[in-house]
Amino acid sequence: MLKRAKEHINAIIMAFYLMCVWTAYIYLNVTSVKEYIILFMIIIYIFSYGITNFIIQKICNKTYMATNATEKNLKYIFLFFSLITVGVLLIWYVGYFPGGWSPDSIKQYEQAVTNTYNDWHPIWHTLLFFKLPITIFGKTSSIILMQIFYFALLMGYMSLIISKYVGLKHAIFSFSYIILNPYMCKIMLYPWKDVAFAMSGTLCMLIVFDIYFSYNKLQVKKSKLILLGIMMANATLFRHNAILFTGSLLLVVFLNLKKKEWSIIVVSFLLALVMVKGPVYHMIDNVSSETKISEVTGLPLTVIGNVVKETPEALDDELAEVAYSIATPEQWNSNYVCGNFNSIKWNGADLSIVETEGYIGMAKILLKCFEKSTAASIIAFISLTDMVYGIENGLEGDIKIIISDNPYNLVYSGNKKIAGFLEAYDSCIGHSIFRYIRTYGVGIVIMVLAILGNMQWGSWKCWKKKLLCIPILIYDFGTMLLLTG
């Protein structure tokens, strides 16, 4: 009876989360009529509770035990899935050679070939993912190829860990979920810091899970703890907001390890950061960029944009001064796209007043926007943030492989027939139920379901285990408040 009560509580929480997600979608895309919204909320909650209660019961009745896979078999598994990854991504690379090169990528390539670095783009990422392959192989193509190699090793290790503790079938399913996603394959053709951070973060989580599941059976190897600390440092260096992930990961790892083991991770983490930011950065010609307030106030700026465009009559003198210092009324009306401040940021916006207002000033402006024009502010908030939690957002998979203007002779020279087939495959996925593997929101729903599936609220041991997933959620939901589009 107590077990069933816990399952019901978990289903209630999961249904509430799904209700919030779908209500946001309906408010933004279907209707904003309060009575209709309330009715939809009730219907969605009842429907979601019925489904999640059934799924959670299944999860609770499922037991997972470490498999009897031998070290030799695990090595074969690692090699097999790594090679499959290389094969699949090479097909995409040949089709879209020389890969995707956005303006940011061109800037980082320029830094690597001129040996003049600027930390506006993370220098450590530029060194490892641009300078290192160019230095070793002397060819621009090696940048994407080395990234593919890194990712292949990661997929092999992921499959090894899942096979080791859950089973080969689950490893195949998890691997397929990733490698068959055309959205992921296209992203892997861009040498973005986001890709480097995602790979580092994933490796950190895999090491943590390996340590956790083997903790009571084997002594944790010091080398594994050191590697975890180094990879956490890498993740922190690859993205300016990565501390949301690595900081929370350090905390939850502290709850699951002995103090001595945790200390090894922290010392390795700090030493790696100091070594890179100290001796390594001092050996190269680099310029430190001042952190701009506008880079972390995406939410206020996005909300201001929608209030200006949709309800200009709601602006008081203070809001009008800020808004029209950023852009003229004509620019707001012609360039601004709801939920995407980047649409005007790169089209003549002047953000100097944002630096003058500061963090507190921008927070006050955000609150005033909600006060003066609540509906327009809510719409902007949902439009900006639903890329993280929205189940329907991003289903069009609109990422394109482009090569920005550059003086380095980087032009498309891929195999058009292969590219044509891949576009057809992408379109096929986009028009089937499998399109849902594209979205972050679906991944988060799966994770929350896994957390709540057999959550025992009165067990501290269970809490410590579930908290291992929290760093990913903190990073996702924390980052969404900093986005500009």
Side-chain angles (χ1 to χ4, degrees), residues 78-113 121 125-159 174-200 202-203 238 394 397-430 434 437-438:
F78 171 82
L79 182 61
F80 176 77
F81 285 101
S82 295
L83 291 175
I84 291 293
T85 303
V86 170
V88 171
L89 290 182
L90 280 180
I91 293 173
W92 284 86
Y93 188 49
V94 170
Y96 292 103
F97 186 84
W101 292 83
S102 64
D104 283 350
S105 302
I106 297 295
K107 284 288 185 183
Q108 287 183 274
Y109 180 75
E110 179 181 318
Q111 292 178 27
V113 296
H121 302 293
H125 174 250
T126 306
L127 290 174
L128 288 187
F129 282 74
F130 288 82
K131 186 63 176 179
L132 181 63
I134 291 174
T135 302
I136 294 174
F137 301 104
K139 292 184 178 295
T140 305
S141 59
S142 62
I143 294 173
I144 303 295
L145 287 173
M146 185 167 279
Q147 180 169 278
I148 289 173
F149 176 72
Y150 291 151
F151 186 69
L153 295 179
L154 177 66
M155 287 296 96
Y157 184 63
M158 181 197 78
S159 303
S174 301
F175 176 81
S176 300
Y177 181 85
I178 296 172
I179 203 66
L180 295 179
N181 184 351
Y183 200 42
M184 187 284 306
C185 293
K186 286 186 174 182
I187 288 174
M188 284 304 304
L189 298 183
Y190 279 95
W192 284 337
K193 62 181 181 292
D194 310 80
V195 175
F197 168 75
M199 289 194 289
S200 299
T202 303
L203 182 56
F238 285 152
D398 57 356
I399 186 171
K400 303 294 183 184
I401 305 298
I402 63 168
I403 300 176
S404 301
D405 292 337
N406 66 88
Y408 301 106
N409 198 33
L410 288 170
V411 294
Y412 172 77
S413 54
N415 186 301
K416 292 183 178 180
K417 289 185 177 180
I418 293 177
F421 169 77
L422 294 173
E423 286 298 326
Y425 170 70
D426 189 4
S427 178
C428 181
I429 294 292
F434 294 110
I437 67 175
R438 294 179 187 275

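When side chains are defined from C-beta on, Ile136 counts as touching Met146, because their heavy atoms get closer than 4.5 Å. Side chains of Asn406 and Ile403 form a contact here, defined as non-hydrogen atoms less than 4.5 Å apart. Within the 4.5 Å cutoff, the side chain of Phe151 has heavy atoms near those of the Leu154 side chain. With contacts defined as side-chain heavy-atom distances shorter than 4.5 Å, the pair Phe175/Met155 qualifies. Tyr183 has its side chain within reach of Ile399: a pair of non-hydrogen atoms, C-beta onward, lies under 4.5 Å apart. Side-chain atoms of Val195 and Gln147, non-hydrogen and from C-beta on, do get closer than 4.5 Å to each other.
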Apply side-chain contact (heavy atoms from CB on, under 4.5 Å) to residues Leu127 and Leu132 and explain how you reach the verdict. CA-CA 6 Å; Leu127 290 174; Leu132 181 63; over 6 Å; no
Stepwise, does the side-chain contact (heavy atoms from CB on, under 4.5 Å) test hold for Ile106 with Leu410? CA-CA 9 Å; Ile106 297 295; Leu410 288 170; 3.9 Å; yes
May I have the step-by-step check of side-chain contact (heavy atoms from CB on, under 4.5 Å) for Trp92 and Tyr425, ending in yes or no? CA-CA 11 Å; Trp92 284 86; Tyr425 170 70; 4.1 Å; yes
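For Phe81 and Tyr157, the ring centers sit 6.0 Å or farther from each other.
Between the side chain of Tyr190 and the backbone N or O of Ile402, at least one donor-acceptor pair lies under 3.5 Å. For Ser404 (side chain) and Trp101 (main-chain N/O), a donor-acceptor pair under 3.5 Å exists by modelled atom type. The closest donor-acceptor contact from the side chain of Gln108 to the backbone of Phe130 lies at 3.5 Å or more, if one exists at all. Side chain of Lys193 to backbone of Phe238: no donor-acceptor contact under 3.5 angstrom is found.
Residues meeting the salt bridge (Lys or Arg N to Asp or Glu O under 4.0 Å) test with Glu423, sequence neighbours left out: Lys186.
A distance of 8.5 Å separates CG in Asp194 from CD1 in Ile187, rounded to the nearest 0.5 Å. Taking CD1 from Ile148 and CG from Leu189, the interatomic distance works out to 6.0 Å, rounded to the nearest 0.5 Å. One finds the CE atom of Met199 at 10.0 Å from the CG atom of Leu153 (value rounded to the nearest 0.5 Å). With rounding to the nearest 0.5 angstrom, the CZ atom of Phe129 is 6.0 Å from the OH atom of Tyr150. Atoms CG and OG, on Leu422 and Ser427 in that order, are 12.5 Å from each other to the nearest 0.5 Å. Distance OH/Tyr412 to OH/Tyr96: 7.5 Å, rounded to 0.5 Å.
Scanning both residues, Ile179 and Cys185, for their nearest heavy atoms gives O-SG, 3.5 Å. When all heavy atoms are compared, the tightest approach of Pro191 to Gly100 is CD-O, 3.2 Å. Contact record, Ser82 with Gly156: OG-CA, 3.3 Å, taken as the closest heavy-atom pair.
Side-chain contact check for Ser102 and Ser105: at least one donor-acceptor pair (N or O, by modelled atom type) lies under 3.5 Å. At a cut-off of 3.5 Å, with distance as the only test, no side-chain donor of His121 or Gln111 sits close to an acceptor on the other residue.
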In a table with atom names and distances, give each donor-acceptor pair under 3.5 Å that connects a side chain of residues 138-145 to protein atoms at least two apart or in another chain.
{"residue": "Thr140", "atom": "OG1", "partner": "Tyr109", "partner atom": "OH", "Å": "2.8"}
{"residue": "Ser142", "atom": "OG", "partner": "Pro133", "partner atom": "O", "Å": "3.2"}
{"residue": "Ser142", "atom": "OG", "partner": "Lys139", "partner atom": "O", "Å": "2.5"}

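Shown here is Tyr408, whose OH atom has more than 12 heavy atoms of other residues, nucleotides or ligands within 6.0 Å. Around OH of Tyr177, the count of heavy atoms belonging to other residues, nucleotides or ligands within 6.0 Å exceeds 12.
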